[in-house]
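The block underneath contains the structure these notes are about, expressed in structure tokens.
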Amino acid sequence: MTAVTGLRDIFTKNLRQSGIYIAFVAIIVLFAILTGGTLLQPGNITNIVLQYSYILILAIGMVIVIIGGHIDLSVGSVVALTGAVSAVLVIKNGNPWWVGILAALAVGLLVGAWQGFWVAYVGIPAFIVTLAGMLLFRGLTYEVLDNISLSPFPGTYQKVAGGFLNGLFGGDGYDVFTLVIAAVAVVGYAVASYRSRMGRVRYQQSVEAMPLFIAKIVAVAVVVMLFAWQLAHSRGLPIVLIILAVLILAYNLVTNRTVFGRHVYAIGGNLNAAQLSGVKVKQVNFWIFVNMGFLASVAGVIYSSRSNGAQPGAGNMFELDAIAACFIGGASTTGGVGRVTGAMVGGLIMAVMSNGMQLMGVPQSTQQIVKGLVLLLAVAFDIYNKRRAGTR
């Protein structure tokens, strides 16, 4: 494939995926200008990572749910419940911080198994099951907390979402360790991309032209290193960013390289064909929701650590932010289409928009209007792409 053909495919055939990256860059540039450069200041970039990490974690699980043809409306309540369980054990009962985290994760898995059972084995639509779960788990949160907030967590627990790794390699005014980790990540991405390209060549599959491939690697390297440079000039590498990066890598591997991932796409793309192909649909659907419960509990731990406590109203509307991130990131409303990386970019678009409008002093009501319009346009774009593909 020539470089010209590759560029044409980016703006035509691959518009669903490439368009979101172009939009992301455009939104960053727009808000950087509107905020007078404040958006891209080291301290503000660090704050974006800390403030929106739990939404991105929820989006990882939610995109798998959506790819499978389902939806989960309960994740905000699960975030509140798992944070409440952790707070009661650590703050109220004086247990070690790690006991609270393990208990929260266990509750998340139980919640996921509960909802997975009703969806997979009883056959109740996920919309109804998780709508009931949204009410049920919010009520349980009030019961666990006895209708009051609990705070503060011990310092070690707070470091889960608010801690940093810095100073390990020194640095004069910046953290060298952060830059080294970013450089290792860039090299790993380049090697993995090259191996993937060579594998496709061996099987005589179409690949982009080498100049375009190199340009993509260079673009990613520049973006990652600039991001790391800003973090290095603030407080260093956030621990929560390491957690998020591990989850992104793991779930990108799960969705693209495992049997479970292929089965999720098959179920969401064509349920009848998946059943006829021997896919164990009930088991896959069950584990989709167990996984969502687990990731919601991880988000619950991070959110409670970030807020330094647990509140009965925690996690309110988180499910809508996570769903919006997935659809903006290219997931299809009918299932079978979506990527973890796309959901992350969609979540970052929401984060940059929210942060930029906050810096500009835009009223909360206007922010909600803008977010709603962006979500509507993203779904309209998905429908437009399907209709255009159907006419070919």
Side-chain angles (χ1 to χ4, degrees), residues 1-33 37 39-42 44-46 48-49 52 56 59-60 63 174 178-201 205-234 237 241-242 244-246 248-249 251-253 255-256 325 328-330 338-353 355-356 378 381:
M1 181 184 291
T2 65
V4 174
T5 304
L7 286 172
R8 185 169 62 247
D9 284 347
I10 288 176
F11 291 98
T12 55
K13 296 179 183 178
N14 300 323
L15 187 60
R16 179 196 293 270
Q17 291 299 327
S18 60
I20 189 64
Y21 298 105
I22 297 170
F24 182 43
V25 173
I27 289 172
I28 290 176
V29 172
L30 174 63
F31 280 103
I33 294 172
L39 179 78
L40 299 179
Q41 291 297 314
N44 190 62
I45 289 179
T46 298
I48 290 176
V49 173
Y52 297 97
L56 296 178
I60 294 173
V63 75
Y174 59 91
T178 301
L179 298 177
V180 169
I181 294 298
V184 170
V186 168
V187 172
Y189 172 76
V191 171
S193 298
Y194 181 77
R195 292 181 60 184
S196 177
R197 175 187 170 84
M198 290 299 98
R200 295 178 65 181
V201 169
Q205 297 177 351
S206 176
V207 297
E208 67 266 60
M210 182 57 73
L212 189 60
F213 174 77
I214 294 174
K216 182 179 71 173
I217 298 298
V218 171
V220 170
V222 169
V223 170
V224 171
M225 293 311 298
L226 285 176
F227 174 69
W229 180 255
Q230 295 296 81
L231 291 180
H233 280 77
S234 180
L237 187 64
L241 182 59
I242 298 175
L244 180 60
V246 170
I248 292 172
L249 290 173
Y251 280 94
N252 197 50
L253 180 65
T255 53
N256 293 325
I328 293 172
R339 296 170 64 91
V340 170
T341 51
M344 295 301 95
V345 175
L348 288 173
I349 286 177
M350 297 288 287
V352 169
M353 287 172 50
N355 182 262
F381 181 70

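Since this is a predicted model, take the numbers as computed values, not measurements. All heavy atoms count here, side chains included; hydrogens, waters and symmetry mates do not.
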Of all the heavy-atom pairs spanning [X] and [Y], show the shortest one and how long it is.
X	Y	result
A190	I217	CB-CG2, 3.9 Å
L39	A32	CD2-N, 3.8 Å
I349	F24	CG1-CD1, 3.6 Å
A59	A325	CB-CB, 4.1 Å

Any residue meeting side chain to side chain donor-acceptor pair (under 3.5 Å) with Y52, in chain and number order, not counting sequence neighbours:
none
Can you name the residues that form a side chain to side chain donor-acceptor pair (under 3.5 Å) with T255, not counting sequence neighbours?
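So T255 forms no side chain to side chain donor-acceptor pair (under 3.5 Å) with any residue.
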Show every salt bridge (charged side-chain N to carboxylate O under 4.0 Å, His left out) that has at least one partner inside residues 214-234, sequence neighbours left out.
E208-K216
Could you check whether any side-chain heavy atom of [X] comes within less than 4.5 Å of a side-chain heavy atom of [Y], counting everything from C-beta outward?
X	Y	answer
V49	F227	yes
L348	I28	no
L56	I248	no
F31	N355	no

Non-neighbouring partners of [X] that pass side chain to side chain contact (heavy atoms under 4.5 Å, CB included), sequence neighbours left out:
X	result
V223	none
T46	L50, F164, L231, S234, R235
L226	V222

How are the rings of Y194 and F213 set relative to one another: parallel (under 30°), tilted (30 to 60°) or perpendicular (over 60°)?
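Because their plane-to-plane angle lies in the 30° to 60° range, the rings of Y194 and F213 count as tilted.
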Give, for atom [atom1] of [X] and atom [atom2] of [Y], the distance between the pair rounded to the nearest 0.5 Å.
X	Y	atom1	atom2	result
Q41	Q230	CD	CD	7.0 Å
I20	R339	CD1	CZ	13.0 Å
H233	L179	NE2	CG	8.0 Å
T341	I60	OG1	CD1	10.5 Å

Keeping the roles fixed (side chain from T178, backbone from L237), state whether a donor-acceptor pair exists under 3.5 Å.
yes
